[in-house]
Amino acid sequence: MARYLITSAIPYINGIKHLGNLIGSQLPADLYARYLRQRDHEVMFICATDEHGTPAELAAANANKPVDKFCAEMHKIQKDISVGFYLSFDYFGRSSSPQNHKLTQHFAGMLDKAGLIDEVTEKQIYSKIDQRYLPDRYIEGTCPNCKYENARGDQCEQCTKQLNPTDLLNPRSAISGSTDLEIRETKHLYLKQKSLKNKLDDWISGKENWPILTTSIAKKWLHDGDGLQDRGITRDLKWGVPVRKGKDIWPGMENKVFYVWFDAPIEYIAATNEWSDSKNLPDHHWQRWWRTDMGAEDVQYVQFMGKDNVPFHTLSFPATIIGSGEPWKLVDYIKSFNYLTYDGGQFSTSQNRGVFMDQALEILPADYWRWWLLSHAPENSDSEFTWINFQAGVNKDLADVLGNLVSRVTKFCKSKFGEVVPEGGSYGADEEKLISDLQTRLSNYEMLMEKIEIRKSAAELRALWVLGNEYLQIVAPWVVFKESPDKAAVQIRLSLNLIRIYAIISAPFIPDASNKILESLHTDDRSWPTNLRVSLSTLNAGHIFTVPEVLFAKISDESRKEWEKKFGGVID
RNA sequence: GGGCCUGUAGCUCAGUUGGUUAGAGCAGAGCGCUCAUAACGCUUUGGUCGCAGGUUCGAGUCCUGCCGGGCCUACCA
């Protein structure tokens with residue numbers, strides 16, 4: 001038994017996330033966490049909402065709500081949806097928690113003590129109407145290069161030229177449209193990442209088994225141009241973690257907060273603290289996951305995230321950890337994902353294009369989404385969601401291969417022997433071959449799950465299901481029964497036990513269906529089939545079961561067409 | 001502009017350090033079965049591996065160039 005700390009990138013608070021966000025971190029992390037728990041490892045699986053930053057303030061203003069209230073509501077909504085998808089977080093925290101405030105301020109204090117904080121006075125654009133400083137991309141104007149009128153302050157989307165906000169002609173606030181902008185001086189804290197560059201470089205260089213996607217992004221930031229740059233870690237906002245040196249006031253920084261990307265990863269730690277507090281456990285319960293001086297040396301820490309999050313997890317968060325000089329746990333493995341696209345384009349909140357997590361649960365059970373998304377996880381490149389592929393995958397894999405297998409075995413048994421595991425007969429060559437084939441595939445499945453090869457794991461699991469159908473077809477109990485009921489009995493007894501095993505090994509992908517199968521088999525023995533022969537004789541003759549309802553109803557062409565239309569978004 | 005990823009059968013994708021006739025699932029075709037959600041099993045048709053060069057006894061795999069798709073490029077998160 002080993003100990004695994006698993007974190008999923010924390011979803012931003014400003015709205016309900018779409019399927020791309022789900023498959024980009026939370027769902028694969030859940031798959032891994034569930035698998036490891038089933039293999040009897042000790043798991044701490046952490047997620048949270050990322051609640052700070054300009055977009056959160058604007059979304060709250062847009063909803064006409066105070067930002068703290070807005071965040072609390074959105075957190076509740078996101079949490080409920082995660083329950084709906086059976087995401088098995090040990091704790092789903094909030095980056096606005098008191099624990100995170102304290103810890104973020106603590107890290108800042110330690111970094112300052114280590115001489116890793118610079119105070120920098122810089123010029124920023126202030127909008128009087130909006131009463132706020134504007135981040136570069138919240139300033140719009142005419143591109144000096146191509147004259148595009150809706151260029152953003154960081155980059156012109158039309159000619160792709162990188163810009164400074166002061167380059168724009170006729171600049172205006174993207175929030176209010178106000179042109180009453182002025183340049184003001186403001187002081188900010190910078191984390192001196194430059195001076196940590198060599199340590200970070202050495203650390204990354206040692207991670208030879210990390211996905212290329214992860215290390216190539218990190219190395220690019222480390223080595224491109226002038227190399228890793230110092231990074232501003234404070235902002236002129238009201239909502240956020242107030243700037244402090246540990247518990248002390250930071251002179252000159254009274255009305256500022258930490259930058260969301262400084263406090264967000266610290267929330268992984270803080271959320272574990274929230275977890276222990278929620279259970280009234282003393283601090284060492286969370287510290288044994290995070291402090292190598294408090295028992296975390298043997299913890300394997302695995303992070304899941306979309307590719308856009310990689311620089312923060314490979315560079316700035318480790319810089320915070322290393323720079324603190326304290327024995328905090330660094331990540332051991334980063335699994336990063338490309339994007340899921342929707343019918344050839346991007347998922348888009350503003351254009352109402354694509355499927356959002358709440359909508360997905362309204363039209364189909366979570367397992368349908370879990371299975372399709374995981375079996376098409378964008379591991380090596382962006383992958384595309386299309387309704388026709390979704391329908392085909394779900395119908396074939398879940399309804400036909402697995403669902404129908406459960407159905408044919410249980411119904412056949414009921415009609416010939418009743419709803420009870422039949423007695424009699426013994427294994428022959430066909431049964432021995434099945435066990436041998438199962439063993440080969442199961443070992444492969446376990447190996448792939450351990451390596452977090454998600455699509456390959458899904459394919460192997462499906463191949464395991466297929467073995468059940470193949471076996472039934474070969475032994476044909478419906479024929480055998482006429483001549484020798486005993487022989488049919490052992491075949492069906494084995495098949496019922498096989499279904500139980502499928503329920504167990506499939507649980508990381510489709511936990512709900514897995515539970516339904518086990519319930520209908522009237523068993524709650526979920527132990528992993530480490531010994532197949534033993535595991536296949538768990539349900540003994542005489543054991544009562546109930547034929548389950550249809551596990552997976554097929555998606556009809558009508559439904560699929562309706563959803564294509566409904567979720568297609570605005571057609572240009 | 002720069003960097004990275006990516007292009008393999010109609011579709012979704014595998015193809016280990018270059019090694020014999022390029023694989024799987026789906027879709028298509030044929031056969032079988034009738035226990036089952038018109039489900040299942042078996043067989044089978046599909047590929048100048050984006051294009052053009054190069055290295056090599058040998059290239060899907062390595063190199064160069066070009067073309068297409070995507071992401072990132074540090075104040076969105």
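First the proteins, then the strands, lettered A, B, ... as listed; each starts at 1.
Nucleotide B:U73 holds its P atom 9 Å from the CD atom of A:Q155, rounded to whole Å. In this structure, CG of A:L340 is placed 13 Å from C1' of B:G70, rounded to the nearest angstrom. Atom NE2 in A:H223 sits roughly 20 Å away from atom P in B:G2 (whole-Å rounding). Atom CD of A:E267 and atom P of B:A77 are 17 Å apart (whole Å). One interatomic measurement links the two molecules: NZ of A:K307 to C1' of B:A77, which rounds to 16 Å at whole-angstrom precision. Protein atom CZ of A:F262 is 17 Å distant from nucleotide atom C1' of B:C75, rounded to whole Å. What separates CD of A:E384 from P of B:C13 is a distance of 8 Å, to the nearest Å. Between the CG atom of A:L228 and the P atom of B:C72 there is a distance of 19 Å, given to the nearest Å.
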Expected string for nucleotides 34-42 of chain B under the B/S/- scheme (protein heavy atoms, under 4.0 Å, primed atoms plus P, OP1, OP2 as sugar-phosphate) is SBBB-SBSS
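A:R462 has a side-chain polar atom (N or O) that falls below the 4.0 Å cut-off from OP1 or OP2 of B:C26. Note on A:R455: every side-chain N or O is 4.0 Å or more away from OP1 and OP2 of B:G25. Applying the 4.0 Å criterion to OP1 and OP2 of B:A77, one finds that A:Y259 has a side-chain N or O inside that range.
Nucleotide B:G41 has B:C31 as its partner under the Watson-Crick or G-U criteria, with both atom distances under 3.5 Å. With both pairing distances under 3.5 Å, B:C62 is matched to B:G54 as a Watson-Crick or G-U wobble pair. In this structure, B:G10 and B:C26 make a Watson-Crick or G-U wobble pair, each of the two defining distances being under 3.5 angstrom. Pairing for B:G47 is absent, judged as Watson-Crick or G-U wobble with the two contacts each under 3.5 Å.
Within the nucleic acid shown, A:G306 has no heavy atom closer than 4.0 Å to any nucleic acid atom. Heavy atoms of A:P477 sit nowhere under 4.0 angstrom from any nucleic acid atom. Residue A:D50 is in sugar-phosphate contact alone, with no base atom involved, counting any heavy-atom pair closer than 4.0 Å across all strands shown. Using a 4.0 Å heavy-atom cutoff across all strands shown, A:S383 reaches sugar-phosphate atoms only and no base atom. Within the nucleic acid shown, A:Y339 comes within 4.0 Å of sugar-phosphate atoms alone, with no base atom in reach, counting heavy atoms only. Within the 4.0 angstrom heavy-atom criterion, no nucleotide atom of any strand lies near A:K219.
When the C1' atom is compared between B:C57 and B:C11, the two are found 38 Å apart, to the nearest whole Å. Using C1' as the reference atom, B:G47 and B:G10 are 11 Å apart when rounded to the nearest Å. Here, B:U12 and B:U21 have their P atoms 28 Å apart, quoted to the whole Å. To the nearest whole angstrom, the two C1' atoms, one in B:G19 and one in B:A59, are 10 Å apart. Across B:C33 and B:C71, the matching C1' atoms stand 50 Å from one another, rounded to whole Å. B:C26 sits 13 Å from B:U43 when the P atoms are compared, rounded to a whole Å. Using P as the reference atom, B:U8 and B:A52 are 16 Å apart when rounded to the nearest Å. Between the P atoms of B:G50 and B:U61, the separation comes to 8 Å (whole Å).
Here the nucleotide nearest the side chain of A:R235, chosen from B:G25, B:G3, B:C75, is B:C75. The side chain of A:N380 lies closest to B:A14, out of B:U6, B:A14, B:A74.
Side-chain to base pairing of A:W221 with B:A74: no donor and acceptor N or O lie closer than 3.5 Å to each other. Scanning atom types as modelled, one donor and one acceptor separated by under 3.5 angstrom connect the side chain of A:E122 and the base of B:C75.
Taking the six-membered ring for Trp and thresholds of 30 and 60 degrees, A:W387 and A:F390 have ring planes more than 60 degrees apart, a perpendicular arrangement.
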Full working for ring-ring contact (aromatic ring centres under 6.0 Å, His included) between A:F385 and A:H18: CA-CA 12 Å; A:F385 177 91; A:H18 53 63; over 10 Å; no
From CA spacing to verdict: side chain to side chain contact (heavy atoms under 4.5 Å, CB included), A:F92, A:T49: CA-CA 7 Å; A:F92 188 67; A:T49 39; 3.8 Å; yes
Check step by step if salt bridge (charged side-chain N to carboxylate O under 4.0 Å, His left out) holds for A:E140 and A:R152. CA-CA 5 Å; A:E140 290 179 347; A:R152 286 193 325 222; over 6 Å; no
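At a threshold of 4.0 Å, the pair A:R560-A:D557 counts as salt-bridged, since one of the basic side-chain nitrogens sits closer than that to a carboxylate oxygen.
In terms of heavy-atom proximity, A:A319 sits nearest to A:L196 at O-CD1, 3.5 Å. Residues A:W372 and A:E384 share a closest heavy-atom pair of CH2-O, 3.4 Å. Nearest heavy-atom pair, A:V243 versus A:V257, reported as atom, atom and distance to 0.1 Å: CG2-C, 3.6 Å.
Between the side chain of A:N100 and the backbone N or O of A:A270 there is no donor-acceptor pair closer than 3.5 Å.
For B:G46, the base adopts the syn conformation, since its glycosidic angle falls within 90 degrees of zero.
Remark: A:K335 is positioned above the aromatic ring of A:F337, its terminal NZ or CZ atom under 6.0 angstrom from the ring centre and at most 45 degrees off the axis.
Summary of the strand contacts: A:Y12 and A:Q193 both lie near RNA chain B, and taking for each the nucleotide with the nearest heavy atom, the more 5' one is attributed to A:Q193.
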